[in-house]
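A short worksheet on the structure shown next.
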Amino acid sequence: MPQTLAPYAVTEHNSRGRQFPEKPHRYRADFERDRDRIIHCAAFRRLEGKTQVFTTGLNDQYRTRMTHSIEVAQIGRTIARVLNLNESLTEAICLAHDLGHSPFGHAGEAVLNELTADVGGFEHNRQSLRIVDFLEHPYPAFAGLNLMYETRMALAKHQSPYDNPEGSAEAICLEGRIADVADRIAYNCHDLEDGLRSRLLNEEQLKGITLYEEACRTVGAERIDDIVIRRTRISKAILDYLAIDAIETSRQLLEKHQIQSLEDVYDCPVRLIDLSAEVEAKLRELERFLYTNLYYHPKIAGQAAAIRGWLTRLFEKYSARPELMPHYYQHMIAAEGLKRIVCDYVSGMTDRYAMTMQE
Ligand code: MG
């Protein structure tokens with residue numbers, strides 16, 4: 001039995017559709033096609049080689065942007081399914097939400113933003129939209145993946161504490177909001193786990209962090225001798241706790257604000273997919289801990305100077321000799337400007353490729 005969607009879910013019927021009309025597919029719905037186009041695009045494949053927190057290649061167990069995106073999609077799909085929202089749309093947004101990230105994570109993004117300051121800067125959400133709308137080119141008749149309007153809007157407006165999306169004139173669907181919450185749940189839990197794996201964090205430091213201590217009690221951490229199993233159980237317990245809270249809080253919010261249709265969603269000034277105030281406070285405590293002790297750990301933050309050097313050198317190299325870029329990029333220079341195209345090319349690189357191309 002196909003699932004009955006809530007009246008406020010985005011569907012093929014209430015969607016604003018695609019920029020370039022296409023014939024319906026015999027077997028796949030429009031938002032399933034969006035998801036599939038994202039999985040099959042080159043920028044998605046390159047997420048495998050892009051830093052989440054730890055530079056790729058140091059340890060094969062750490063999250064990459066790709067495994068992060070898959071974890072976000074898993075959490076997002078669960079939340080969407082339980083709330084009777086559009087699961088395929090949620091999955092598409094989650095899988096695409098980090099497509100625009102440069103190599104070397106947020107440190108890389110900051111450098112590219114400075115290098116392009118005079119032509120509008122670089123910001124990964126905006127770049128995600130640019131990738132799906134313009135840089136991917138699998139079709140002869142138009143640039144981009146020709147995704148559904150709601151998928152595109154959610155990418156343009158994807159928000160997390162790091163993010164800095166452009167103005168908020170356009171409304172965002174609930175499925176897009178799920179991606180925001182799922183992203184936050186995913187990165188806090190897996191960064192905690194990878195932080196412990198890397199030994200930049202230790203269990204002693206985490207004493208006093210409420211979410212961590214509660215999860216230790218939930219899983220009976222003191223009876224689990226193996227640290228690998230222990231930290232996995234703890235991080236999964238936190239994930240489950242946050243996802244359940246997001247589901248139950250959002251359900252209450254939708255009821256409280258009497259949301260009956262997609263128009264109600266767009267008109268409602270309140271965030272309808274959210275954590276409870278109590279859990280939000282606990283998550284902020286963990287986030288503050290991770291900022292101070294992991295993201296700003298000297299071993300992580302200390303790479304910023306080297307990353308600045310690598311990306312600046314690449315930027316100068318391709319600006320001086322654009323003929324070294326693939327033809328596809330060279331052809332766009334006349335219309336888009338040299339700096340923008342060099343930024344597109346360099347920001348699309350994996351960590352590995354950016355290192356190799358230093359020569
Ligand atoms: Mg993310």
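For ligands, and for the atoms within them, numbers begin at 1 and follow the listed sequence. Scope of the values below: all heavy atoms of this structure, side chains included, with no hydrogens, waters or symmetry mates.
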Between H97 atom NE2 and D183 atom OD1, the angle centred on the Mg ion (ligand 1) rounds (to 10°) to 90°

In short, side-chain hydrogen bond (donor to acceptor under 3.5 Å, both in side chains) pairs touching residues 211-221 with sequence neighbours left out are E214-K282

The atom of D98 among N, O or S that is nearest the Mg ion (ligand 1) is OD2

Worksheet item: For the Mg ion (ligand 1), does an N/O/S atom of H101 lie at less than 2.8 Å?
Response: no

>> For D118, is there an ion pair with K339 - N to carboxylate O distance below 4.0 angstrom?
In response: yes

Taking N202 for its side chain and Q205 for its backbone only, find out whether a donor-acceptor pair lies under 3.5 Å. yes

- [ ] Check the surroundings of atom CZ in R284: do more than 12 heavy atoms from other residues, nucleotides or ligands lie under 6.0 Å from it?
- [x] no

